[in-house]
Engineer: 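Next up is a structure, given as structure tokens.
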Amino acid sequence: MAAAPGGSAPPSGPGPRLAFSTADSGIGMSGLNPGPAVPMKDHDAIKLFVGQIPRGLDEQDLKPLFEEFGHIYELTVLKDRLTGLHKGCAFLTYCARDSALKAQSALHEQKTLPGMSRPIQVKPAASEGRGEDRKLFVGMLGKQQGEEDVRRLFQPFGHIEECTVLRSPDGTSKGCAFVKFGSQGEAQAAIQGLHGSRTMTGASSSLVVKLADTDRERALRRMQQMAGQLGAFHPAPLPLGACGAYTTAILQHQAALLAAAQGPGLGQVAAVAAQMQHVAAFSLVAAPLLPTAANASPGGGGPGALPGLPAPMGVNGFGSLTPQTNGQPGSDSIYNNGLSPYPGPEGCNLFIYHLPQEFGDAELIQTFLPFGAVVSAKVFVDRATNQSKCFGFVSFDNPTSAQTAIQAMNGFQIGMKRLKVQLKRPKDANRPY
DNA sequence: TCTCATT
């Protein structure tokens, strides 16, 4: 750790920072009223990601645990957009940066919340400055090697921030691990030094050391798995297309019932269903439960809403969820979702046919986001009825993403239908057939 | 042989 040569000033933070700037706030500045009604956070505060939270715990339950380290500016449990289901993780911002650091070192991997099989995760959120280029995937480990063995192996290459051996629920190693270094250089050095360098006892081939998948790659892989599994299965018995908005729960329930009733052959479906939260898309929203535009009462909270459940969010096309476009004189025949209505460059635009009836812009975006930057997504809607025409388009900012999306999603089976995903033809393309 | 989730 050399002192910075050349005597250059620090790039930011010129000297000690004043705790407050009351410049033009109009708030009393005499210090007589030190307890602000609205909590303020330091400008260098860190947003933390908190993982391995029991699904039963909400913000109020979690607050005491975290308050121990400082004043909380914001704490949000992540919930599924469509179903409102607890995702088992949260974002946490303290007013002070220091509190976040303290919480991280005191809690991260240090304790396990009730009912969880793995320790709590407390670390800067992905949005706080990336760093996936420092994380390595290590394959072809021996089954008997634990975290300590892996650490010993990688220690010579730098500071190890995280080291996790992947295990089955029963605790046996899956023969692979993640190792996160303090810097990209260290990670690269470890790849150079270790990949293929030896064969661990009990492994079938030489050690694998490479950069771990990015989140995007992971999402893509899952999507492909899902497509493959759903495509291979003909779900005649599933009343797809006629269930409720609370997809995940319902789908899981049905899949579980089916699996139980019909034996192990359908077990996969349950696994697939369990992964479908982020593609809630295929959300099989209940036609009968949703009002048609004609009889919807705007602002009424949704006549079709299920009693006792929160109103579904992001379900578009019906009821009051896209009120600003419903029947507005100026509205187009497609939803105004804030994205550019104009297609991207040639080769970047996809047409998607055979969408579920209740599938809207939001679901479309969500479904195709894993393949790249979506610059535009529209479901076409019948002006008169406000009903989806069951086709739409998605535009990416580059042709590769578009091709990837076609590969992964064309033929994706939903209910009795399969999605048709193809490049938008330059002209003459608006015909479903 | 890619966790476990990232508004």
Side-chain angles (χ1 to χ4, degrees), chain A residues 46-59 62 73-93 104 108-109 112-113 115-143 145 147 150 161-180 187 191 194-196 199-200 202-225 248 271 274-280 313-314 362 365-366 369-370:
Chain A
I46 304 168
K47 176 171 281 196
L48 296 172
F49 173 81
V50 182
Q52 296 298 323
I53 301 172
R55 316 255 159 186
L57 299 188
D58 64 17
E59 284 87 351
L62 295 167
Y73 175 73
E74 189 173 37
L75 172 60
T76 316
V77 165
L78 271 59
K79 305 226 168 84
D80 184 88
R81 268 180 59 249
L82 293 170
T83 65
L85 292 179
H86 195 304
K87 291 174 114 166
C89 55
F91 286 113
L92 166 64
T93 310
Q104 181 179 2
H108 180 64
E109 299 256 318
T112 301
L113 266 16
M116 295 289 103
S117 57
R118 304 187 51 228
I120 192 171
Q121 304 290 300
V122 180
K123 56 194 182 186
S127 60
E128 291 295 283
R130 8 80 328 259
E132 284 317 287
D133 42 8
R134 304 152 26 200
K135 190 188 279 185
L136 301 178
F137 171 79
V138 185
M140 288 299 150
L141 289 167
K143 299 276 191 238
Q145 293 184 87
E147 273 80 1
V150 177
E161 275 186 19
E162 254 176 57
C163 173
T164 318
V165 170
L166 275 64
R167 297 176 189 282
S168 311
D170 66 9
T172 60
S173 165
K174 292 168 113 170
C176 57
F178 292 108
V179 173
K180 186 168 178 183
I191 293 174
L194 289 177
H195 180 68
T199 299
M200 310 313 289
S204 56
S205 78
S206 65
L207 192 66
V208 170
V209 181
K210 60 211 279 198
L211 288 177
D213 281 357
T214 63
D215 289 342
R216 178 156 281 175
E217 287 165 326
R218 211 158 59 222
L220 183 54
R221 176 183 293 112
R222 269 189 213 156
M223 194 76 84
Q224 283 167 335
Q225 278 174 358
T248 306
Q275 300 207 13
M276 289 195 72
Q277 302 171 65
H278 67 294
V279 203
M313 297 171 55
I365 293 169
Q366 197 176 13
L369 215 45

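Here is the naming used below: chain letters follow the sequence lines, and residue numbers restart at 1 for every chain.
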Engineer: Determine the contact category for A/Gly51: base if any of its heavy atoms lies under 4.0 Å from a base atom, sugar-phosphate if only primed atoms, P, OP1 or OP2 are that close, otherwise nothing.
Structural biologist: base
Engineer: Check the distance between B/dT3's P and A/Gln121's CD and give it to me in whole angstrom.
Structural biologist: 13 Å
Engineer: Report the distance from atom CD of A/Glu74 to atom C1' of B/dT6, rounded to the nearest whole Å.
Structural biologist: 14 Å
Engineer: Quick one: A/Arg167 CZ to B/dT3 P, roughly how many Å, whole number?
Structural biologist: 16 Å
Engineer: When the distance from CD of A/Gln52 to P of B/dT6 is rounded to whole Å, what number comes out?
Structural biologist: 13 Å
Engineer: With the side chain counted from C-beta on, respond yes when A/Val208 and A/His195 share a heavy-atom pair under 4.5 Å apart, and no when they do not.
Structural biologist: yes
Engineer: Does some side-chain heavy atom of A/Gln52 sit less than 4.5 Å from a side-chain heavy atom of A/Leu113?
Structural biologist: no
Engineer: So does A/Lys47 get a backbone contact from the side chain of A/Glu128, meaning a donor-acceptor N/O pair under 3.5 Å?
Structural biologist: yes
Engineer: Kindly list each side-chain donor-acceptor pair under 3.5 angstrom involving residues 171-178 of chain A, sequence neighbours excluded, with atom names and distances?
Structural biologist:
unit_1   : atom_1 : unit_2   : atom_2 : d
A/Thr172 : OG1    : A/Asp170 : OD1    : 2.8
A/Ser173 : OG     : A/Gly175 : N      : 2.8

Engineer: Between B/dT6, B/dT7, B/dC2, which one does the side chain of A/Phe137 approach most closely?
Structural biologist: B/dC2
Engineer: What's the closest nucleotide to the A/Thr164 side chain, out of B/dT7, B/dT3, B/dT6?
Structural biologist: B/dT3
Engineer: I'd like to know if the side chain of A/His86 and the backbone of A/Leu57 have a donor-acceptor N/O pair within less than 3.5 Å.
Structural biologist: yes
Engineer: Figure out the NZ/C1' separation between A/Lys87 and B/dT6, and round it to whole Å.
Structural biologist: 8 Å
Engineer: Measure the distance between the ring centre of A/Phe91 and the centre of the six-membered base ring of B/dT7, then answer whether it is under 5.5 Å with planes under 30°.
Structural biologist: yes
Engineer: Reckon A/Lys79 touches a base, only the sugar-phosphate, or nothing at all at heavy-atom distances under 4.0 Å?
Structural biologist: nothing
Engineer: Starting at atom NE2 of A/His86, determine the distance to atom C1' of B/dT6, rounded to an integer number of angstrom.
Structural biologist: 14 Å
Engineer: Whole-Å distance between B/dT6 P and A/Leu92 CG?
Structural biologist: 17 Å
Engineer: Applying a 4.0 Å non-hydrogen cut-off, can you work out what A/Lys143 is touching in the nucleic acid: base, sugar-phosphate, or nothing?
Structural biologist: nothing
Engineer: Send over the distance from A/Leu48 CG to B/dT7 P, rounded to a whole Å.
Structural biologist: 15 Å
